[in-house]
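Comments concern the structure below.
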There are 2 protein chains.
Amino acid sequence: MAGAGQPTIDEVARLAGVSRGTASRVINGGAHVSPAAHEKVLKAIEELQYVPSRAARSLVTQRNDAVALAISDANPRLFTEHPFFSEVIVGIDTVLAESDLELMLVLGASVRERNRLRRQLSSRRVDGIMLLSLHGEDPLYELAEQADVPVVYGGKPLGVEPPHYVDADNRGGARQAVEHLVTTGRQRIATVTGPMDMDVGVARYHGFRDALGSAGLPAHRVANADFTAASAVRAMADLLDRFPDLDAVFVAADSMAAAALGVLHERGRRIPQDVAVVGFDDRATALTTHPPLTTVHQPVQALGAEMAKMLLSLMAGRPATSLILPTRLVIRQST
Amino acid sequence: MAGAGQPTIDEVARLAGVSRGTASRVINGGAHVSPAAHEKVLKAIEELQYVPSRAARSLVTQRNDAVALAISDANPRLFTEHPFFSEVIVGIDTVLAESDLELMLVLGASVRERNRLRRQLSSRRVDGIMLLSLHGEDPLYELAEQADVPVVYGGKPLGVEPPHYVDADNRGGARQAVEHLVTTGRQRIATVTGPMDMDVGVARYHGFRDALGSAGLPAHRVANADFTAASAVRAMADLLDRFPDLDAVFVAADSMAAAALGVLHERGRRIPQDVAVVGFDDRATALTTHPPLTTVHQPVQALGAEMAKMLLSLMAGRPATSLILPTRLVIRQST
DNA sequence: TTGAAAGCGATACCAC
DNA sequence: GTGGTATCGCTTTCAA
């Protein structure tokens, strides 16, 4: 702490020997100000170390120069285990840094947190909202629609088509992954899915079915999980129990694939000779598994960046159209 | 968007048939208000869906009901690869949710972002600051000291002893880890360090030296890394080149240990028969490596929670003393 | 180009 | 217990 109380614009104006109006003009771009006055004000600002009060400014401009990122997930472990979120944040921040917007982070796990979220979204404290990871029937969806600021979704919510969202081509990516397994001669292909109350989980599962359908192969070897490592361990064990003859598995996330590999090793399966494994994400994990993981690359930072850009557009009153970012298969040693 | 413009407290007062002063009293706890008036105001608030403007409130109270978490790291990959950060955030958020404080997240990677950070910290927009992951000579340190709000550090900054910080027992944990290697008969023990311009990197390295020193074993098998997987791969390969006879390695982070395991496998080393490996962190990764990783557990969420609690104390004008959280060894199959 | 004055939406103090 | 009023620090008309 230092103390002394921050200087106000009036003190700047007084020191510079101009009116407050002039000082304000200089601070906000400097139009309609004589060069002489301009310089004096700048000098005063420098000397006083003046920084405008955002609260006062917000009060009159009705803007906050801040946006919120709400991550609405009942499971905080997901946030910590799944590198997806951090990467989205980095992508968002990259864009925000260019425009002097601040980022409020709101985790929506507990009821208490959701109430806080509700209040934040309606206390006109942010100029825009980004929503990540909506589960089915999420009350947040309705809440966001009522907010009087623009809203952008990261990942399409399940069952609805919001006006503005950014997503990865989950279905296409999954299809590619499973087609690769088919092409390389696998016949008894299983999948560990993501959460089926989220679009991302359903879409990747559909991709799995798409590929097997076209190939005329059965698609009944399915176990559900929720993106956590623990759930993946259970699902993989379950698959091996029910379908000991499986010769390949498409796992809907790298972090889960890493966990599944552990189970496969334990059960004596050789990768990829006995069982081929494909993941989804292409995060750092995919390189350090044993063997390195064939996986579907999705551009997560770009997803975050596009969300932020879209929000900025909307906040500026410009239109924006939803986006689906391409994915691509990266072949390594697990297939 | 919905529109219509949010209701003000005056409209609430008018609808309730009381003065604005009375309405305000109800909103802020309801002391000195008659039951009748109290109820009328509540009803009006409900009907109008009134939510106070935080900007207006901040302007007069000089508080913001918000705190900032600044993560000052030159390498954004760290934020995405190292689950540490997400987990600290969850810990912080848990505490914040209880007290209706909002969280501003500020990443301080680029020069541009650092300037933004500087502005945010001095625009009296937050009532407290948490600083994470300071590297040596970080200009942020000085900046934070000048801020006129309380500051709490997560992880001791290198070379200084700030008034308020929360850290894990990095040195003690590392010592335990290496002692375990010694106890189980390892003689040629190496280490892959964390970044040596951060206290966490130096402290864990010191723990390594402590243990070997007490055991009378040499401590020259050292390769530096910076917590990223790529750097760990390089460091591990380097160690094997220089000390092909090493029979154990203490790696300063689980994520790096996972990467190191890959290199060891590639070079034909059996784990743990030929080389024992110990990590640090005990995140989910440690369970899904092959084999599962012996590692030092550190309470990361607790670290975040304690940072937040400490900040709340300071903001309330109560004193607080720095904290070092204990670590403990978790033995799995890699040793 | 500049200065004066009117709010923005709340809190807090003051008499009543 | 209640209502009126000054005030927080800034932006933004409106005249000059």
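In the text below, chain A, chain B and the rest are named by the order of the sequence lines, each starting its count at 1. What you see is a predicted model, and the numbers here were worked out from it, not measured in a lab.
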- Of all pairs that satisfy salt bridge (Lys or Arg N to Asp or Glu O under 4.0 Å), the ones with a partner from residues 300-315 of chain B, not counting sequence neighbours: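 Listed by first then second residue: B:Glu306-B:Lys309.
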- Task: Strictly below 4.0 Å, heavy-atom distances to any atom of DNA chain C: list the hits from residues 49-63 of chain A, or just say none.
- Result: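 Close to the strand are A:Leu59, A:Val60, A:Gln62.
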I'd like a table of atom pairs between the protein and nucleotides 13-16 of chain C - only N or O on both sides, under 3.5 Å - with the distance next to each one.
residue	atom	partner	partner atom	Å
C:dC13	N4	B:Arg25	NH2	3.4

- Taking five pairs at each end, how big is the angle between the two axes of the helix from C:dT1-D:dA16 to C:dC16-D:dG1, to 10°?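 The helix from C:dT1-D:dA16 to C:dC16-D:dG1 shows an end-to-end axis angle of 40°.
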Please tabulate, for side-chain N and O atoms in residues 32-45 of chain B, each donor-acceptor pair with protein atoms closer than 3.5 Å (sequence neighbours left out).
residue	atom	partner	partner atom	Å
B:Ser34	OG	B:Ala37	N	3.3

- Task: Name the nucleic acid region contacted by B:Asp10, choosing base, sugar-phosphate or nothing; use a 4.0 angstrom heavy-atom cut-off, strictly under.
- Result: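 No contact at all - B:Asp10 keeps every heavy atom at 4.0 Å or more from the nucleic acid.
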To the closest 0.5 Å, what do you measure between [atom1] ([X]) and [atom2] ([Y])?
X       : Y        : atom1 : atom2 : result
A:Thr94 : B:Leu107 : OG1   : CG    : 8.0 Å
B:Ser24 : B:Ile9   : OG    : CD1   : 4.5 Å
A:Asn64 : A:Asp127 : CG    : CG    : 4.5 Å
B:Leu69 : B:Leu131 : CG    : CG    : 8.5 Å

- Query: Mind checking which nucleotides bracket the chain A contacts on DNA chain D, 5' to 3', with an atom under 4.0 Å from a heavy atom?
  - Reply: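 Endpoints of the contacted stretch of DNA chain D: D:dG9 to D:dT13.
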Got a list of side-chain donor-acceptor pairs under 3.5 Å for residues 310-324 of chain B, not counting sequence neighbours?
residue	atom	partner	partner atom	Å
B:Ser322	OG	B:Pro163	O	3.2
B:Ser322	OG	B:Tyr165	N	2.9

- Task: Tell me, with the steps shown, if B:Asn28 and B:Arg57 meet side-chain contact (heavy atoms from CB on, under 4.5 Å).
- Result: CA-CA 11 Å; B:Asn28 296 292; B:Arg57 176 178 285 179; 3.8 Å; yes
Sequence-distant partners of [X], salt bridge (charged side-chain N to carboxylate O under 4.0 Å, His left out), two or more places apart:
X        : result
B:Arg20  : B:Asp10
B:Glu102 : A:Arg125, B:Arg54
B:Arg63  : B:Asp65

- Task: Could you state the atom-to-atom distance from CD1 of B:Ile27 to P of C:dG9 in whole Å?
- Result: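 Checked: the CD1 to P distance equals 14 Å.
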- Message: Whole angstroms only, please: what is the CZ-C1' distance between A:Arg20 and C:dG7?
- Response: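 Distance, rounded to whole Å: 11 Å.
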- Task: Give a yes/no answer on whether the side chain of A:Ser19 brings an N or O atom under 4.0 Å of OP1 or OP2 in C:dA4.
- Result: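 Checking C:dA4 against A:Ser19, no side-chain N or O comes under 4.0 Å of OP1 or OP2.
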- Task: Could you tell me whether the phosphate oxygens of C:dT2, OP1 or OP2, come under 4.0 Å of any side-chain nitrogen or oxygen in A:Ser34?
- Result: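 Checking A:Ser34 against C:dT2: at least one side-chain N or O falls below 4.0 Å of OP1 or OP2.
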- Starting at the 5' end of DNA chain D, which residue's closest nucleotide do you reach first, B:Arg124 or B:Thr22?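 Nearer the 5' end of the strand: B:Thr22.
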In residues 82-92 of chain B, what donor-acceptor pairs under 3.5 Å come from side-chain atoms, sequence neighbours left out?
residue	atom	partner	partner atom	Å
B:Ser86	OG	A:Ser86	OG	3.2
B:Glu87	OE1	B:Arg283	NE	3.1

- Message: Run the side-chain contact (heavy atoms from CB on, under 4.5 Å) test against B:Gln62 and tell me which residues pass, sequence neighbours left out.
- Response: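 By the side-chain contact (heavy atoms from CB on, under 4.5 Å) rule, B:Gln62 matches no residue at all.
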